[in-house]
Q: 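Mind looking over this structure? Questions follow.
The figures that follow rest on heavy atoms only: side chains count, while hydrogens, waters and symmetry mates do not. None of these values were measured; they are calculated from a predicted model.
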Amino acid sequence: MSISRRLLTTATALALMAGAAQAETVRIALVAKALGIGFFEAANKGAEEAAAELGDVEIIYTGPTDTTAEGQIEVINSLIAQRVDAIAVSANDTDALVPTLKRAMDRGITVISWDSGVAPEGRAMHLNPSSAPLIGNTIIKLAADHLPDGGQVAVLSATTTSTNQNIWIEEMTKVMGDYPGIEVVATVYGDDLADKSYREAQGLMQSHPDLKAIIAPTSVGIVAAAQAVTDAGKVGEVNVTGLGLPSEMAGHVKSGASESFAIWNPIDLGYSATMIAHALATEAATAEPGATIPIGRMGEVTLDENGEAAMADPFTYDAGNIDEFSSVF
């Protein structure tokens, strides 16, 4: 074979190898706090939308059966063994996942957190659904708007270790002075389990007979609390608000158990997390403070000094607009 033909053959082989490398599928694991929760199922729809748009992505949607750090650690260890390209996790515990996620990063896996954050040493960056101060102010304002004379309110959160809920409640506490007459009488935890959240809501109404509102910054808790208020015959007496999905809250808004609630679009959140994970895994973007990362149709995000970014403002849903969104997510 002539030298020119050998060079041509070699060049062709290299081109084919390069093409195959370019076409290699990027596997991104979207790790939920737990399976079977509507919020995360909606986020997975967004992740699949991003994968279809990118064209070279396989989404592995997974999570534990309950909202525990131990369950997520087991899931993440399995993903490390599968040698996925990226892990995007909504954490059940800020710190407990760090050693396992550090091991993932040591093996070349891109790790980000979204929705509920991981400590900085356990991830490249964190995507907040919105800014924490704005969410904190929103959830107390939703209760105060329907209590012109003030009154007792209580908080029904997820778990004691849920990063996002804890931060939002902390931010809510900071602005309580802006809502005179509103008194937070208790904070309880339903562990993002419908039955436990329901019992906790019942307990709040029994322990505080003058209670006027339950604030649940969790999509599981808000539905359970609204049902508990309905079953207790206290619609019109106790208003349930917080963060929830329109598809799950529509009936409770129409019944009057919830005057209004808020949420960002979980589909957009899953989409944005996937876009970020792909950009970092393929080295199309970096995750140092000040870096800007494109997120497709959602625009772009810029990382702060803690390696965090916020996606969008929350939106309020009430009887005037619930029908428009309840069939979407």
Side-chain angles (χ1 to χ4, degrees), residues 33 39-40 42-43 46 88-92 94 112-120 122-145 153 155 157-159 161-179 182 184 187 215-219 221-222 241-246 260-277 279-280 285 287-318 325 329:
K33 287 184 176 181
F39 178 90
F40 294 107
V89 58
S90 176
N92 284 325
T94 309
I112 70 168
S113 56
W114 59 283
D115 179 50
S116 184
V118 174
R123 44 75 172 172
M125 63 84 64
H126 173 64
L127 178 65
N128 289 301
S130 184
S131 75
L134 185 55
I135 296 169
N137 182 69
T138 295
I139 58 177
I140 188 64
K141 184 176 185 299
L142 287 169
D145 281 349
V153 304
V155 176
S157 191
T159 68
T161 57
S162 289
T163 312
N164 49 350
Q165 275 90 6
N166 288 342
I167 292 173
W168 299 335
I169 294 168
E170 180 182 341
E171 292 294 339
M172 181 190 81
T173 303
K174 291 178 182 178
V175 297
M176 286 302 298
D178 296 338
Y179 302 96
I182 302 296
V184 179
T187 298
I215 301 169
T218 153
S219 63
I222 192 172
T241 189
L243 305 175
L245 298 177
S260 60
F261 64 97
I263 197 67
W264 39 89
N265 189 327
I267 296 173
D268 290 343
L269 190 55
Y271 173 93
S272 299
T274 300
M275 284 291 184
I276 291 170
L280 297 180
E288 71 266 19
T292 297
I293 304 175
I295 50 175
R297 60 173 171 77
M298 295 299 294
E300 61 184 29
V301 294
T302 301
L303 303 189
D304 64 16
E305 65 277 8
N306 297 316
E308 299 187 15
M311 185 188 71
D313 294 345
F315 182 80
T316 298
Y317 302 86
D318 56 25
F325 296 98
F329 64 92

Q: With side chains defined as the heavy atoms from C-beta onward, is the minimum distance between Ile140 and Val175 less than 4.5 Å?
A: yes
Q: Is there a side-chain contact between Ser219 and Ile263 (heavy atoms, below 4.5 Å)?
A: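 With C-beta onward as the side chain, the pair stays apart.
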Q: Would you compute the distance between atom OG of Ser272 and atom CD1 of Ile267 and round it to the nearest 0.5 angstrom?
A: 11.5 Å
Q: May I ask you to decide if Ser130's main-chain N or O and Asn128's side chain share a donor-acceptor pair within less than 3.5 Å?
A: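 Checked: no pair found.
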Q: Donor-acceptor check, side chain of His126 to backbone of Glu308, threshold 3.5 angstrom: yes or no?
A: no
Q: Any Lys/Arg nitrogen of Lys141 or Asp178 sitting under 4.0 Å from an Asp/Glu carboxylate oxygen of the other?
A: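 Salt bridge: no.
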Q: Please state whether the rings of Trp114 and Phe39 are parallel, tilted or perpendicular, taking 30° and 60° as the class boundaries.
A: parallel
Q: Judged by atom type as modelled, is there a donor-acceptor pair below 3.5 Å linking the side chain of Tyr271 to the main-chain atoms of Met298?
A: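 No, because the side chain of Tyr271 does not come within donor-acceptor range (under 3.5 Å) of the backbone of Met298.
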Q: Could you pull out all residues at least two apart from Tyr179 that satisfy ring-ring contact (aromatic ring centres under 6.0 Å, His included)?
A: none
Q: If only side-chain N and O atoms count, and only distance matters, is there a donor-acceptor pair under 3.5 Å linking Asn137 with Glu171?
A: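 Asn137 and Glu171 do not have a side-chain donor-acceptor pair below 3.5 Å.
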Q: Testing the 3.5 Å rule here: is there a donor-acceptor pair between the side chains of Ser260 and Thr316?
A: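 Absent: no donor and acceptor within the cut-off.
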Q: State whether the side chain of Ser162 and the backbone N or O of Gln165 hold a donor-acceptor pair below 3.5 Å, judged by distance alone.
A: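 Side chain of Ser162 to backbone of Gln165: no pair is present.
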Q: For the pair Phe261 and Tyr317, name the ring-plane relationship: parallel under 30°, tilted 30 to 60°, perpendicular over 60°.
A: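 Parallel: the ring planes of Phe261 and Tyr317 meet at under 30°.
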Q: Does the Thr161 side chain pair with the main chain of Asn92, one donor and one acceptor, at a distance under 3.5 Å?
A: yes
Q: What I want to check is whether the side chains of Ser90 and Ser116 have a donor and an acceptor closer together than 3.5 Å.
A: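 No, because no side-chain N or O of Ser90 sits under 3.5 Å from a partner of the opposite role on Ser116.
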Q: A side-chain contact here means heavy atoms from C-beta on lying under 4.5 Å apart; do Pro266 and Leu245 qualify?
A: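 With C-beta onward as the side chain, the pair touches.
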Q: Do Val155 and Pro217 have side chains that get closer than 4.5 Å, going by heavy atoms?
A: yes
Q: My understanding is that only one of Phe329, Trp264, Phe325 makes a ring-ring contact (aromatic ring centres under 6.0 Å, His included) with Phe315; could you say which?
A: Phe325
Q: Could you grab the distance from atom CG of Asp145 to atom OG1 of Thr241, nearest 0.5 Å is fine?
A: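 Interatomic distance, Asp145 CG to Thr241 OG1, rounded to 0.5 Å: 9.0 Å.
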